[in-house]
Amino acid sequence: MEDYNIKTDTAFAIQPDEATDKLKGALLKGIQRSCYVYRVDCGGCNGCEIEIFAAITPIFDAERFGIKVVSSPRHADVLVYTGAVTRSMRVPALRAYHAAPNPKVCVAYGACGCSGGIFHDLYCVWGGADKILPIDMYIPGCPPTPLATVHGFAVALGLLKQKMQMVHHVQGEDEHSQLLFPEVPLELRVEVERESRRMAGYWAGRNIAHTFLGLIKERDSKEAIADVDAYLKGQDDPRLTEIVNRLEEIFLSKNA
Amino acid sequence: MPMLKLIKEVLRVGNATVPYPFVKPDLVPGFRGKPEYDPIQCIACAACVIACPPNALNMETDLEAGMRTWSIYYGRCIFCARCEEVCPTGAIHLGDDFELASFSRDDLTVRADFRLASCTQCGAYFASAKSLDRVLALLDQAGLPPESAEDRKALIKMCPECRRKTDLPRVKVIVQEAFDGRL
């Protein structure tokens, strides 16, 4: 993709030679466990670091797979790059790379490490570790949860299979999007959604409105209200009750 | 004896480790995982693209070929669910899949190509065909008066420029009537 949003400009990245690639293949195939990880923070917000440390606690326990975090790149098999790679962290990142013995696996960790994340178009960042280094594994997430971290390392070491695949959809001949609540009058739907979003905030408001509209559909107002009240009783949430009661008022005023 | 005490304590507390990946983990309600995209429901309106804070969502319009391409790069997504909250058709929502690790950036990409609709007057491409379909369906749902429905629909199938040109003489008539020919 040529556009600036999904930059594939890795012209400045280090290219490992063939012999190193071969060795790396042996590392990935032959060892599969007991790898030492060194973590390089290239200007991240520390969210990723917190999740990496959560991943090595007893709850998630990455050491089950022999993954151990070490404090020197000289001991490392795997280098984990977090952060959007700021200008001033480029040289330290490269030094860590050169300090690690071959063969080594480089992992881009988090949205920033994979592509620069929300900082991708800042003047002071390189926008992802793959702009300066040969990256073998991408672990997206902002930050990746400890479970995503464990999964990422397991995939990198060949213990699990990669789940993601490229998808390319082309619009079919007779492809139409469905209206969301075709049986609810448009005017009522718009008003319910607006009021719900006004009271509950955008994302929650939308969800509440859609649950409400799903419950009322086009049925008789008494029957619908009984259904909504049963739902509210099940939820037992005063804030939700307040909002849904207001939506009920709108529904009844439109149906009167 | 302290060793025995320790063993007793260990037996009492049990194993705290989540047995992931051998067991499916319990995720909290409202967990924001991978954005799941339904291209059938998408109308290529670009609301999500405008809302996306890190520009993980992207849209390109090719006016020559009459195609519009929607794309997401999961490597840049920050899982904020803004695309979900602005989507008018429910084509994108955050699921509970967090297993996104991948060896190449291509595998983190989803793309969808949509056709553009051309103006009934001048033939220029002006909006995605599916969004036009949807507007017409919504007009039907809203219930236009039957005498003006066909007229409205014909206007909507034109590009903004032609719509203005077609509408202007009628506006002129309305204004002249309102001012009783004094203009």
Side-chain angles (χ1 to χ4, degrees), chain A residues 1 3 5-6 8 58-61 64 108 111 114-121 128 130 135-142 144-148 150-156 159-160 162-172 175-180 182 185-187 202-203 205-206 210, chain B residues 16-18 20-21 25 27 31 34 37 39-44 53-58 60 71 73-82 84-86 88-91 97-115 129-131 133-134 137-138 141-143:
Chain A
M1 218 167 274
D3 57 290
N5 277 327
I6 303 176
T8 48
I59 301 279
F60 302 103
D61 203 8
R64 282 179 295 161
C114 287
S115 67
I118 198 157
F119 306 111
H120 68 98
D121 50 1
D130 55 356
I135 294 296
D136 304 297
M137 188 75 204
Y138 293 87
I139 306 181
C142 190
T145 61
L147 293 177
V150 169
H151 177 264
F153 282 118
V155 172
L159 301 171
L160 293 176
Q162 176 186 322
K163 262 178 89 175
M164 298 292 288
Q165 265 181 347
M166 187 161 96
V167 179
H168 189 180
H169 172 86
V170 179
Q171 185 182 348
E175 189 181 298
H176 296 285
S177 73
Q178 303 295 317
L179 290 182
L180 279 183
L186 185 67
E187 210 182 325
Y202 217 31
W203 185 77
R206 181 197 150 108
H210 282 201
Chain B
T17 307
V18 181
Y20 180 81
L27 296 172
F31 178 83
K34 172 187 157 205
Y37 176 62
I40 305 290
Q41 194 64 357
C42 179
I43 57 169
N55 302 8
L57 296 169
N58 198 20
E60 279 170 69
S71 64
Y73 176 45
Y74 289 121
R76 188 172 286 157
C77 177
I78 57 166
F79 307 90
C80 61
R82 294 212 177 176
E84 182 181 338
E85 67 184 40
V86 296
T89 60
D97 187 7
F98 56 85
E99 294 162 334
L100 299 174
S102 131
F103 288 105
S104 78
R105 56 160 70 217
D106 289 341
D107 285 340
L108 292 171
T109 323
V110 175
R111 290 204 291 157
D113 293 339
F114 297 100
R115 283 191 299 277
K130 283 177 88 180
S131 67
D133 271 357
R134 190 180 170 82
L138 277 174
Q141 198 198 1

With a 4.5 angstrom heavy-atom cut-off, is it the side chain or the backbone of B/Ile43 that approaches chain A, or both, or neither? side chain

May I ask you to name which of A/Leu160, A/Asp61, A/Leu186 has the most heavy-atom pairs under 4.5 Å with chain B? A/Leu186

Could you check whether any side-chain N or O of B/Arg111 sits under 3.5 Å from a backbone N or O of A/Val170, counting only pairs where one atom can act as donor and the other as acceptor? no

So does B/Cys42 get a backbone contact from the side chain of A/Ser177, meaning a donor-acceptor N/O pair under 3.5 Å? no

Is there a side-chain contact between B/Phe31 and A/Thr145 in this structure, where contact means two heavy atoms from C-beta onward sitting under 4.5 Å apart? yes

Does A/Gln178 reach the main-chain N or O of B/Gln41 with its side chain, forming a donor-acceptor pair under 3.5 Å? no

Let me know if B/Phe79 has heavy atoms under 4.5 Å from chain A in its side chain, its backbone, both or neither. side chain

Less than 4.5 Å apart, side chain to side chain, heavy atoms only: is that true for B/Asp97 and A/Lys163? yes

Portion of A/Ala154 that has a non-hydrogen atom of chain B nearer than 4.5 angstrom: neither

How about B/Ile40 and A/His169: do any of their side-chain heavy atoms sit closer than 4.5 Å? yes

Give, as side chain, backbone, both or neither, the part of B/Ser104 having an atom under 4.5 angstrom from any heavy atom of chain A. backbone

Does A/Leu147 form a side-chain contact (heavy atoms from CB on, under 4.5 Å) with B/Glu99? I'd like the steps, not just the answer. CA-CA 8 Å; A/Leu147 293 177; B/Glu99 294 162 334; over 6 Å; no

From CZ (A/Arg206) to CD (B/Glu85), nearest 0.5 Å: 9.0 Å

Take a 6.0 Å sphere around CZ of B/Arg115 and say whether it holds more than 12 heavy atoms from other residues, nucleotides or ligands. yes

Pairwise distance CG(B/Leu108) to CD(A/Gln162) - rounded to 0.5 angstrom: 7.5 Å

Are B/Leu100 and A/Tyr138 close enough that some pair of their side-chain heavy atoms sits under 4.5 Å apart? no

When rounded to the nearest 0.5 angstrom, what is the spacing between CZ in B/Arg76 and NE2 in A/His120? 4.5 Å

B/Thr109 OG1 to A/Met164 CE distance, which is reported to the nearest 0.5 Å: 8.5 Å

Highest number of heavy-atom pairs under 4.5 Å with chain B among A/Phe153, A/Phe60, A/Tyr202, A/Phe119 belongs to A/Tyr202

Interatomic distance, B/Phe114 atom CZ to A/Glu175 atom CD [nearest 0.5 angstrom]: 6.0 Å

Below 4.5 Å, heavy-atom pairs only: which of A/Ala111, A/Gly152, A/Gly128, A/Pro140 has the largest tally toward chain B? A/Pro140

Spacing of SG belonging to A/Cys114 relative to OH belonging to B/Tyr74, to within rounding of 0.5 Å: 14.0 Å

